[in-house]
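All ligand and atom numbering here is 1-based and tracks the order in the structure.
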Amino acid sequence: MKNKIETILSEVKQKIANIKEKNELFHLHTEFLGKNGKISTLLKDLKNLSADERPKIGEILNKCRNEVENLIKLKTEEIDNRILQEKLDNEKIDVTIPVKPYKTGTAHPISVVQRDLMKFFESRGFEIKYGNDVETDYYCFEALNVPKDHPARDAQDSFYIDPETVLRTHTSATQIRTMEQQKPPIKMVSTGMVYRIDDIDGTHSPIFNQLEVLVVDENVTMCDLKGMLEDVLKFLLGEHTQIKLRPSYFPFTEPSAEVDVTCPKCAGKGCSLCKNTGFIEMLGCGMVHPKVLERNGIDSEKYSGYAIGFGLDRMAMGRYGIDNIREFYENDINMLKQLK
Ligand code: DAH
């Protein structure tokens with residue numbers, strides 16, 4: 001019996017040394033420690049031994065069983081560790097690899113100027129109005145005091161869809177739609193693209209962007225207009241900005257003015273953008289013509305108003321020091337990236 005036990009133990013040791021996988025270990029367990037396993041059978045045979053042999057052999061057999069159990073346990077740990085190590089080696093994360101840069105786009109410079117201006121006017125209680133890109137001749141011209149034979153139409157040579165329908169040449173059409181819908185007090189702002197048959201050059205493009213402002217109330221004066229212009233242009237272009245109102249003509253305002261501002265590129269010293277004048281032209285404005293008010297059912301004796309038409313492309317050119325409007329529409333990603 002003793003010899004048998006020793007043979008079993010050395011057999012187990014030999015087999016276990018060659019085991020690589022867990023299922024082999026499982027078979028080994030069954031072979032020796034299973035219900036009919038070699039060790040279990042010997043344990044059952046103990047009863048056939050004599051009374052003084054039984055405890056001695058029993059003790060040896062128990063030790064053998066414990067040793068086999070221990071060997072299996074150690075082998076299990078060894079295999080588990082090996083599997084874990086293999087996993088760690090294969091799924092290793094190199095935390096020193098630099099992270100790939102995450103590319104995000106940025107808003108187009110014209111959109112940035114547009115949003116800033118909208119925020120400014122919204123914070124001052126102006127209501128946002130949405131106009132139409134395709135307008136009727138009436139809203140675009142007629143109601144703004146520009147009848148069919150008016151020479152001002154030449155300056156806004158237009159894309160007509162049919163004799164009465166046109167791609168809007170300015171956002172001023174929204175003034176009329178607003179006055180039709182609501183009575184004073186009116187404080188509205190509207191922005192979008194406008195279209196004109198213009199030859200493309202450094203400062204002209206057949207599509208560009210405008211932002212329209214209209215205020216109608218009792219006792220609105222040119223002082224209100226000038227104060228608002230100073231506020232908004234300083235907000236947009238910096239506190240040092242000075243403004244200059246030049247008398248001008250628009251059929252829908254009287255008096256009318258064009259507004260020049262300190263050149264943002266050279267701060268007034270003179271450069272290519274301002275053609276060495278230190279100022280650049282930014283917008284048109286004026287006091288709403290009484291005829292325009294009356295046509296929309298607003299009593300021009302009681303009410304007065306001002307209107308402003310910002311050229312957003314010009315403002316963006318000024319703000320970012322760009323002297324060619326085409327840059328905005330060529331979608332050159334490298335140039336757009338520089339304008340944050
Ligand atoms: N609509 C004019 C244009 O496109 C700009 C303009 C001038 C708008 C005076 C106004 C204004 O609201 O009062 O040339």
Side-chain angles (χ1 to χ4, degrees), residues 110 114 117-118 121 126-129 131-133 135-147 150-159 166-179 186-198 203-217 220-229 232-233 243-261 280-293 295-296 298 300 303-315 325:
I110 292 179
Q114 196 168 35
L117 276 173
M118 292 302 263
F121 285 107
F126 281 68
E127 204 180 322
I128 296 174
K129 294 280 178 187
N132 304 330
D133 283 48
E135 256 311 352
T136 63
D137 186 274
Y138 175 80
Y139 288 104
C140 199
F141 299 122
E142 206 69 41
L144 282 160
N145 208 22
V146 190
H150 199 289
R153 288 205 181 203
D154 285 350
Q156 298 198 2
D157 244 350
S158 320
F159 294 103
V166 64
L167 292 187
R168 69 172 169 197
T169 57
H170 52 182
T171 45
S172 302
T174 329
Q175 289 187 27
I176 306 300
R177 291 197 174 269
T178 307
M179 283 189 268
I186 294 171
K187 277 170 93 181
M188 79 94 189
V189 59
S190 184
T191 184
M193 274 200 163
V194 299
Y195 313 82
R196 293 183 195 176
I197 302 178
D198 265 339
T203 50
H204 293 89
S205 155
I207 15 169
F208 57 102
N209 297 267
Q210 286 190 335
L211 185 139
E212 195 80 16
V213 172
L214 175 70
V215 173
V216 183
D217 203 350
V220 176
T221 69
M222 196 95 184
C223 288
D224 298 312
L225 169 61
K226 191 168 175 249
M228 182 55 87
L229 287 170
V232 67
L233 291 167
I243 68 168
K244 204 158 68 172
L245 269 73
R246 264 184 301 111
S248 184
Y249 173 77
F250 297 103
F252 35 90
T253 44
E254 183 58 37
S256 305
E258 264 167 288
V259 177
D260 298 342
V261 297
I280 56 170
E281 190 189 312
M282 266 297 135
L283 54 93
C285 63
M287 301 307 291
V288 182
H289 199 295
K291 274 194 186 169
V292 176
L293 293 175
R295 196 190 263 272
N296 289 291
I298 296 172
S300 64
Y303 295 105
S304 52
Y306 66 75
I308 312 173
F310 292 87
L312 295 182
D313 302 62
R314 281 227 182 127
M315 303 204 91
I325 195 171

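- Between the side chains of Tyr195 and Asp133, at least one donor N or O sits under 3.5 Å from an acceptor N or O.
- The residues Glu127 and Lys187 are annotated as not salt-bridged, no charged nitrogen and carboxylate oxygen being separated by less than 4.0 angstrom.
- Side-chain atoms of Thr191 come within 3.5 Å of backbone atoms of Gln210 as a donor-acceptor pair (strictly under, hydrogens ignored).
- Enumerated by chain and number, the residues approaching ligand 1 to less than 4.0 Å through a heavy atom are Gln156, His170, Ser172, Gln175, Arg196, Gln210, Glu212, Phe250, Phe252, Thr253, Gly284, Cys285, Gly286, Ala307, Ile308, Gly309.
- Taking the six-membered ring for Trp, Phe250 and His170 have ring centres at least 6.0 Å apart.
- Leu283 places none of its side-chain heavy atoms less than 4.5 Å from the side chain of Glu258.
- For the residue pair Ser172/Glu212, the side-chain donor-acceptor check at 3.5 Å is satisfied.
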